[in-house]
Each structure stands twice: as structure tokens, then as C-alpha cells.
Protein chains: 2
Amino acid sequence: MTALVMGHMNPDTDSIISAIAVADLNNKRGISAKAGAQGEPTPETKFVLEKFGLTAPEVVTDVAGKKMYLVDYSDLAQAPKGIGEAEILGIVDHHKLGDVTTSNPLEIWTWPVGCSCTVIKSMYDFYGVEIPKNIAGGLLCAILSDTVMFKSPTCTEADKKAVEALAKIAGVSDVMALGMEMFKVKSAVEGASMKDLVFRDYKDFDMNGNKVGIGQLEVVDLSILDKVKDGLYEEITRVKGEGRHSVFLLLTDIMKEGSEMLIVSDDPAVVEKAFGKKPEGKSVWLDGVMSRKKQVVPNFEKAFK
Amino acid sequence: MTALVMGHMNPDTDSIISAIAVADLNNKRGISAKAGAQGEPTPETKFVLEKFGLTAPEVVTDVAGKKMYLVDYSDLAQAPKGIGEAEILGIVDHHKLGDVTTSNPLEIWTWPVGCSCTVIKSMYDFYGVEIPKNIAGGLLCAILSDTVMFKSPTCTEADKKAVEALAKIAGVSDVMALGMEMFKVKSAVEGASMKDLVFRDYKDFDMNGNKVGIGQLEVVDLSILDKVKDGLYEEITRVKGEGRHSVFLLLTDIMKEGSEMLIVSDDPAVVEKAFGKKPEGKSVWLDGVMSRKKQVVPNFEKAFK
């Protein structure tokens, strides 16, 4: 049976490109595999796919009975329907270890680096498989996206080295110019609904028994969001109303290197507990905070304990 | 802070040697590390340590506040006291993915191979670190032990290749003779208490909310155990009485390639459900069954569902 390689809910560029790359690598290793996705690509991901002539993976919403590789997550809350009836053959990730468990031994490649695609670059090298030029371009962009062009505190030397090597394979001469082009696409809010924007990069977490949603929008300049901020707040209020303890939306300014966090919570005091800063009204500015994974989730997990 | 590298409860040769090797590799990668163990080495492991001039890791029983690398397991039930207050930096394993979770991104190397030490051999290669001669000997023996000299269904080509390469580094000319020597040591029951024998290679599992203990004794000839079988049965009855749903003890004949399983259970019917064979009295012969991980645990997990 062909194994499905799929990233998390509300797939970002890392989730989509990782699925494409691990499917390619597995097929070349003799493990029949196919990329899937839990949703349509974001504008940023579409830009990357088009730039390098890659095809968006098929959207799959129920994986019961399938053989699976998970990429870019290991939390059940981010898994597709039917994951309990699927057989997980492997995981490639760069996040904390979540609550996925398996009945059988499996292959796991998880490293504390800025992007799953950095791990995948090394997997290709490890298995002695050549990286196709178009996939190298995709991997490169995913790393630039996840590390916010190396500015995120999640970025490691391994990410930078991977980008350097991938740029050569993909024939990209100016990596930073490509990154800015991509982030400008990502910053665009025209034509997107409030729901689209909130869920563009959104994850639910179980924090000490509380369902907590955290979304993130990264823009090259926060002023881009001035006109939509009220609408975003209304939308996260609606999302919280679906049975969540809190919903937080990070509006990250990648040039200023910080985030404004919009807050809807049953207990807004957790924000001060987590970050040592009192919210003003419905939001708080968190200087230097760019990474949900490394700077936001761990702080909230402690605050919820 | 120096990170502790430790295997599972009731450490076997793989757990002890993996801890020694990953600590060595980490130190050479610039990550300060020290091997630990949740208990004293078994007679088999002592033989291996002495054969190659390695030192048994210090026994550590509480890891609260420590930085940790877990080797050869990812189940909380097999973790030391205080694991909830430790920071897990990495996992090296070859089992199913257990219920360990983390708050931070970490390094995980898990492969579906016969022994954690096979993964570690590749980690040395990946990081370009030379394997010391004595550690190569230890890794080699651990793989022979876990794969029952390549006879276990868990054994893969990767395990055989690793042994071949390690034998060259360690200067071992006759791998199979070394394996038989080791398994004869393992088979010896003289001087060991019933408790020692039951816990020599014993693990607790959470199966659908039921605490289930499964131990295994591997011998070169089952007749070695004739005199102790009644004592072993009494001992697992006592262990079950500590609040377990079931305790199973596999008496594995590595030459006949099968196991007699001693059974104490609140619901002995799970055995027939799991293996399609009705126990005769207190035990059942399971032909071809040599691997707890691959042939016993998954069957029981299904039967308990």
C-alpha cells in the first residue's frame, strides 16, 4: 500500500514541501509514497510551488486505514481524521514531541532545528539520494519561511548550511531577495477573509487540559494589518466560542522583530504569567518574539501548569 | 549542565551500551553528557562490559531537574522517577513511539531496526565521529543480543551491516562464536533469585488502561529452566498481585526459535485472542515467537482494545 506523507492542519510551506520531499525520497528508497495535505496551500506556498514548478499535494481529510508518514508535527490535535485507524510508519519533525503514539516500531527523524526541511536535506544526504532541482528550491523557501529569513530564534547553523547547499542545487543566486519576495506575498491580506487569515498558520494545543488556539501572521510591516485588526479580533472571538479556553493571534513584524499578540481568553492573566507583560486592552506587544514554537508555546505551557 | 544518557528500567545490554555510546558521541559533538542506568547490569551485560573493558554506568534513580537523553525507550512507564521534572534533549530508540512528550524541540533518532545500537552506529557515521574500539565491541554485542544473533523477526539488513562494520573496528573475527558465548552467559540461572530472573528483562505496558507486565528470558535450551519454572510462576503471580492486570513471562528457546509463555492474568482469554492458541494450564508454547516488541506487544495491544 502506498504510504501517504502529510503535514499538519492548516498546512504552511514547511508542511507542504516536506510532504512532497519525503514522498520523493521514500519512493527513491523503495518505499511507495505519495504526498498529501490537510488543506489548500496558502498564498506563500502557492508562490513557492509556482516558482519551482511543483504541484500542490492532493487534499486528504480522512486517513483511516492508510499507512502514513507525518511531517512537521507529532500532536494528535494537528492530525487528520482517522489517524487512530492509520498505521504511522514514520515522522519527520522539528517541534517538541507531541502525543502521537504507535503500535509498531517506526522511523523518526526529529531535530531541534528551524525547519523540517533542514532535516529532510540531511535525510537525502544520509540515504545518498540526489535532491531534484525543483525540490531543492522548495526546501530552501520552506527554511527561509520557517526561520523568518534566519531571524527567528529557532534558526540554527544547520538551517543556514542547508540553505547554502540547497541554493546551489536549485540555482538560486540571491537567497535573501527570494526570501523578501516570498514574505511580501505572505504579507498580502487583500482578498483574504478574516477566517482565512486567522487559520493561515493556526494550531490548537492541549495545555493542561485546556484547548488553546495560537495563530500567527507574519508581515514585513505591521501597518499592513491596521485595516484588518478589528476583523481578526472578531474572528478569534468566534473561534474561541467554539469551545476553546483561549485563542491568541500573533501579528509578527519580521523587520521590527517582534509580535503584537491579540488575546481572547477565559483567563487573560495567563498572558502576563507567560510573558511578564500586562496586556493593554485586547493585545500586547512582545518585543523579540517571533517564534510560536520556541517563544510562545513553551511559555504558555508553563503558565497553564 | 551535563546531560544524563539513560536507558529503560531493568536495563538490558542495548540500554547500557546505548547509554555509554551516546554519551561518548555527544561529548565528541560538544554536548556534555554522562551515561547512567536505572539498575545494575545483567550477567550478560557484565560479560560484554568486561570483554571490552567498558565501565558500568552509575545507577541513577531520580532524574528530577536533570537534562536527559533517553535511549532504547519512549514510554513513561519505563522512565525513572522525576522524568516529569527533567528536560528531555533527545531520544534514540528502535521501539514503537511511546507516551513521552516534551515542552521543547529535541533530537530523535528512531528506526525500525533490531537494536538501538544499530541506530547509534549510523549516528557516529553521520556526525563523522570515529567509534572507539571498545565501544564498537559493546555495540556489536548489543545488536547480537537484541536480534538473538540475527534470528529475531526484528532483525533487519541494517543490523547485519552494522555488526559487520563494528566487528572490523572491534577486531572480532568470529561474531557468531562471540554471540554464543554471550548467550550461554545469559542462559545461566544458577545463583540468581526468581525475582532477578523475572526482572532481568521485564517491562510494564499500559494496554488500554490495564497495567500489563511482560518479561522475557532467553536461553540456548529451554531445559535449562525446568528446575526454576515453578518458582518463576510463583514470582510473576506475586508481581501481578502488586496491581497489574496481567503478567506474562516469555521463556524463549533461541535454538528452537520459539517461546513458552507463562501466564497470570485477570482475563486469560486475552492470550488466545492475541495468539489464536489456547493456553494449556499456566502456559502456552508459541512457535516462532522470539520478539516481545514485534510479536508479543502488538498482539496484546490489539487483544486489549
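We use all heavy atoms of the structure for the numbers below, so side chains are in, but hydrogens, waters and symmetry mates are not. Naming convention: chains lettered A, B, ... in sequence-line order (proteins, then strands); numbering from 1 in each chain. Owing to the predicted nature of the structure, the values given are computational and were not obtained by experimental measurement.
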| remark: Looking only at B/V100, B/D93, B/V297, most heavy-atom pairs under 4.5 Å shared with chain A are made by B/V100

| query | Hey, is NZ on A/K28 packed in by over 12 heavy atoms from elsewhere, all under 6.0 Å? | reply | yes

| said: Please determine whether the number of non-hydrogen atoms from other residues, nucleotides or ligands lying under 6.0 Å from atom NZ of A/K203 exceeds 12. | reply: yes

| note | Note: vs chain B, highest number of non-hydrogen pairs under 4.5 angstrom among A/S74, A/S122, A/G98, A/S103 is A/S103

| query | For atom NZ of A/K161, is the number of surrounding heavy atoms from other residues, nucleotides or ligands below 6.0 Å larger than 12? | reply | no

| request: Supply the atom-to-atom distance B/T110 OG1 to A/I91 CD1, rounded to the nearest 0.5 angstrom. | output: 8.5 Å

| task | Please say whether more than 12 non-hydrogen atoms of neighbouring residues, nucleotides or ligands are located less than 6.0 Å from CD in A/E272. | result | yes

| request: Go through the atoms of A/T154 and report whether side chain, backbone, both or neither lie under 4.5 Å from a heavy atom of chain B. | output: neither

| Atom of A/P105, atom of B/K293 and distance for their closest heavy-atom approach | CG-NZ, 3.8 Å

| A/K277 atom NZ: more than 12 heavy-atom contacts under 6.0 Å | yes

| said: Within the supplied structure, the quantity of interest is the number of heavy atoms (other residues, nucleotides, ligands) at a distance under 6.0 Å from A/K96 NZ; does it exceed 12? | reply: yes

| Can you check whether B/L97 reaches A/L97 side chain to side chain, under 4.5 Å on heavy atoms? | yes

| query | Once the angle between the rings of A/F126 and B/W109 is folded into 0 to 90°, is it parallel (under 30°), tilted (30 to 60°) or perpendicular (over 60°)? | reply | perpendicular

| Between CD of B/E301 and CG of A/N104, what distance do you get to the nearest 0.5 Å? | 8.5 Å

